[in-house]
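Quick note: numbers below take in every heavy atom, side chains included, and nothing from hydrogens, waters or symmetry partners. Since we're looking at a predicted model, the values are computed, not measured. Ligands are counted one by one from 1 in listed order, and the atoms in each one are counted from 1 as well.
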Amino acid sequence: MVAILAGSFDPLTNGHLDLIARGSRIADRLIIAILRNESKSPLFSVEERAEMIREAVAAWPNVEVDNFEGLLVDFAKRRGATMLIRGLRGVSDYEYEREMALMNRRLEPSIDTVFLLADAQQSFVSSKLVKEVFRLGGSIDGLVPASVAERLQRSAAR
Ligand code: PNS
């Protein structure tokens with residue numbers, strides 16, 4: 001069974017990594033799908049994000065990285081996936097996730113969304129807050145993989 005974990009991953013956090021580790025145990029093959037959306041003015045290019053994820057998931061042989069634009073369910077169908085994995089950090093994620101899951105199921109009933117409760121240690125972590133804390137000089141130790149922290153340092157220098 002092929003599953004997809006889609007997102008912006010700008011950048012990958014340890015919260016994402018926890019979902020990837022758990023998703024890779026549920027699915028035979030897990031595809032990390034990076035949304036190509038330049039209108040969000042990402043900090044890292046899709047290629048940089050893909051590289052960071054590949055470095056972080058090297059230990060899991062059934063995890064691969066791809067990117068997509070357009071509808072997620074169309075990409076999922078093209079890749080033969082039947083499951084979309086999403087993380088739920090708390091009630092604030094729930095309403096948005098509920099709408100997306102129902103819309104995706106309406107668009108493509110053969111693909112279902114499975115929710116994983118985010119790890120308690122990571123349930124306050126988001127890419128947006130990581131970028132903000134880093135930009136303002138706070139510590140992001142333990143919130144992102146080492147390779148992501150290094151790239152954030154390099155991005156600050158450019
Ligand atoms: O980084 P995020 O916010 O967790 O990712 C959201 C994502 C990429 C899963 C969502 O925006 C998405 O699926 N976009 C693709 C366009 C699409 O399929 N829209 C309809 C979803 S109901």
Side-chain angles (χ1 to χ4, degrees), residues 1-27 29-57 60 63-135 140 143-145 147-149 151-152 155:
M1 189 264 297
V2 182
I4 289 187
L5 181 70
S8 305
F9 304 105
D10 186 41
L12 179 78
T13 67
N14 283 343
H16 293 132
L17 215 47
D18 171 59
L19 293 175
I20 294 170
R22 291 156 64 199
S24 75
R25 290 198 293 266
I26 294 170
R29 199 145 58 84
L30 178 65
I31 301 170
I32 313 301
I34 305 169
L35 174 67
R36 286 206 302 275
N37 182 1
E38 291 309 315
S39 69
K40 271 194 169 178
S41 317
L43 177 61
F44 294 106
S45 70
V46 169
E47 290 68 33
E48 287 173 313
R49 282 177 266 163
E51 245 176 70
M52 282 186 271
I53 299 173
R54 282 198 190 98
E55 282 164 20
V57 305
W60 297 297
V63 178
E64 63 178 90
V65 184
D66 200 350
N67 61 74
F68 75 106
E69 59 188 349
L71 285 176
L72 176 57
V73 288
D74 289 343
F75 171 77
K77 257 200 329 201
R78 282 203 302 281
R79 297 299 318 264
T82 52
M83 183 192 287
L84 304 175
I85 293 181
R86 298 290 293 170
L88 276 182
R89 285 169 297 193
V91 283
S92 56
D93 281 342
Y94 176 77
E95 194 48 36
Y96 170 63
E97 294 296 336
R98 188 185 73 87
E99 287 174 6
M100 272 206 308
L102 291 175
M103 184 63 82
N104 280 329
R105 191 140 56 88
R106 181 192 159 96
L107 290 166
E108 185 47 65
S110 67
I111 297 174
D112 224 325
T113 304
V114 168
F115 293 103
L116 295 181
L117 192 62
D119 182 65
Q121 305 289 326
Q122 306 290 335
S123 61
F124 62 96
V125 179
S126 67
S127 299
K128 184 168 167 262
L129 280 186
V130 163
K131 281 185 284 195
E132 182 170 319
V133 169
F134 177 78
R135 185 169 52 82
I140 54 161
L143 304 183
V144 295
S147 67
V148 173
R151 277 183 197 252
L152 278 165
S155 79

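For S126 against R89, the heavy-atom pair with the smallest separation is CB-NH1, 3.2 Å. In terms of heavy-atom proximity, L129 sits nearest to F124 at CD1-O, 3.9 Å. Heavy-atom minimum distance, S8 versus I34: O-CG2, 3.9 Å.
Counting only heavy atoms from C-beta outward, the side chains of R78 and D74 approach each other to under 4.5 Å. The shortest side-chain heavy-atom distance between I4 and I111 does not fall under the 4.5 Å cut-off. A 4.5 Å side-chain heavy-atom check between W60 and L30 finds every atom pair outside the cut-off.
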Between ligand 1 and the protein, find all N/O pairs closer than 3.5 Å and give the distance for each.
| unit_1 | atom_1 | unit_2 | atom_2 | d |
| --- | --- | --- | --- | --- |
| ligand 1 | 1 (O) | S8 | N | 2.9 |
| ligand 1 | 1 (O) | S8 | OG | 3.2 |
| ligand 1 | 4 (O) | R86 | NH1 | 3.4 |
| ligand 1 | 4 (O) | R86 | NH2 | 3.0 |
| ligand 1 | 18 (O) | L72 | N | 2.8 |

